[in-house]
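Here the structure comes first, spelled out in structure tokens, and everything after it is commentary.
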Protein chains: 2
Amino acid sequence: MIGEQGVDGISMRSLAERVGVSRTAAYHHFKDKNALLCAISEQGFQTWQAHFAQLMREQSGDMNRWLKAFVRSYMDLSWKHPEEYDLMFGRPVWKNGEPTESLKAASFACFQDYVDLIRSWQEKGKLSKDIDCLRFAQVSWSMLHGMSRLLNDGIYLDRNSIDAMSDSAVEMILAAATV
Amino acid sequence: MIGEQGVDGISMRSLAERVGVSRTAAYHHFKDKNALLCAISEQGFQTWQAHFAQLMREQSGDMNRWLKAFVRSYMDLSWKHPEEYDLMFGRPVWKNGEPTESLKAASFACFQDYVDLIRSWQEKGKLSKDIDCLRFAQVSWSMLHGMSRLLNDGIYLDRNSIDAMSDSAVEMILAAATV
DNA sequence: AATGCTATTTTGACACTGTCAAGATAATTT
DNA sequence: AAATTATCTTGACAGTGTCAAAATAGCATT
């Protein structure tokens, strides 16, 4: 339903009807609508983590190649599953209704993997010693997040420039990595 | 009201009551709620454009200094006016209810100024000739947007690291600029 | 097997929301 | 002064999330 109608187009009642159950049945399994959305969002993060874990296994040797693959993969996923991405990183879950502890943990684990990978590169000397890995991770991830959001929400960017933008993004990250 | 309760906490009825007018009075000035939000969002973009126009007048000579000031200013504004920022770049306006043509124009003008400035630097030889200015603008702006969003929505980033992150962001942009 | 307990579901209800249609009022033009 | 237009108001409708209480189902223990 999220894929079809988006996060906002989903209501407890329509969802219940789809399942073939009463309006308030879900309230015995989830505290409120937000808790349910958090749970789905959490699943999304776990999927992403698994996805990028495999990407890491495949080609984590070459930093340049991995980063390129990562960026492409990130943009590809967020573009092909815009509603899911919107749920995972969207405001309804994170700001309006306070995010579940469990969601916070899942999403942070996802990000932590990224930081750890960067840190391992630094230890191997592929990344300049002067760089603060956490900041580097935050800024580069922000870049991908910003691109995904502007793209999905239809601000400034358009789909035709995804590839070119991804390349520019990789260039910018690598330029900063090898200072 | 947006600053107090956020975009989502605002309703046509509560707004009308605040103004001291009937529930549906606004519907003779705006097509629907989205059109009203678009209008406010548009004002926000005009304010931003004016703000950054002044920043440009003050110190557009030195690219490095300007970029640093721009990033600081961007992060400062988005952090101190999170609800306004959320309205301007938020999903409700851009995705759910189609954005007004006039809003699209105002926001794009804002971005265009940024692209033009970058292009002027390239012409002055301060930016590498190999760089595609549009891509450069898109990616760097995305970075700021992503940081603002992750910060305001409370994902990954926390307020204490704004300055450090801003510095890292500037470094990354400059590293790519002088390749 | 029967009883008691708990988990689950349902119905009813409440206070909201955005927005349309029709009528009432005010302002402006002829 | 009359007519036209702009603005506002009230009533209404379908929809929302969610709480309280009643009803059902499933399971464990005596």
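Throughout, a chain's letter reflects where its sequence line sits, starting with A, and its residues are numbered from 1.
Atom CG in B/D8 sits about 15 Å away from atom C1' in C/dG18, given to the nearest Å. Look at CG on A/L36: it is 10 Å from P on D/dT18, rounded to the nearest Å. Distance B/N96 CG to D/dT16 P: 15 Å, rounded to the nearest Å. For B/L15 and D/dC8, the CG to P distance is 13 Å, given to the nearest whole Å. Put simply, CE on B/M12 is 14 Å from C1' on D/dC8, counting in whole angstrom units. A/F30 has its CZ atom 12 Å from the P atom of C/dT8, to the nearest Å. Look at OH on A/Y27: it is 17 Å from C1' on D/dA21, rounded to the nearest Å. Summarising the geometry, the separation between CG on B/D32 and P on C/dG18 is reported as 11 Å, rounded to the nearest angstrom.
Side-chain proximity of B/V21 to the nucleotides C/dG18, D/dT18, D/dT9 is greatest for D/dT9. In this structure, the nucleotide among D/dT10, C/dG18, C/dA13 sitting nearest to the side chain of A/R23 is C/dA13. Among the nucleotides C/dT11, C/dC20, C/dG18, the one closest to any side-chain atom of A/T24 is C/dT11.
Ring planes of B/Y156 and A/F111: parallel class, angle under 30° (limits at 30 and 60°). Between B/Y74 and B/F70, the ring-plane angle classifies as perpendicular under the 30° and 60° cut-offs. Ring geometry, B/Y85 versus B/W48: the interplanar angle falls from 30° to 60°, so the pair is classed tilted.
For the pair A/K129 and A/E123, the salt-bridge criterion is not met [side-chain N within less than 4.0 Å of a carboxylate O]. Residues A/R149 and A/D86 are paired through a salt bridge, judged by an N-O separation under 4.0 Å between the basic side chain and the carboxylate.
Nearest-nucleotide assignment on DNA chain D puts the 5′-proximal partner with A/K33, out of A/K33 and A/H28. Closest-nucleotide positions on DNA chain C for A/A25 and B/K31 were compared, and the one nearer the 5' end corresponds to A/A25.
Within 4.0 Å (heavy atoms only), A/S11 reaches sugar-phosphate atoms of the nucleic acid but no base atom.
A donor-acceptor contact under 3.5 Å links the side chain of A/R13 to the base of D/dG17. One cannot find a donor-acceptor pair under 3.5 Å joining the base of C/dT11 and the side-chain atoms of A/S22.
Side-chain nitrogen and oxygen atoms of B/H29 include at least one within less than 4.0 Å of the OP1 or OP2 phosphate oxygen of D/dC8.
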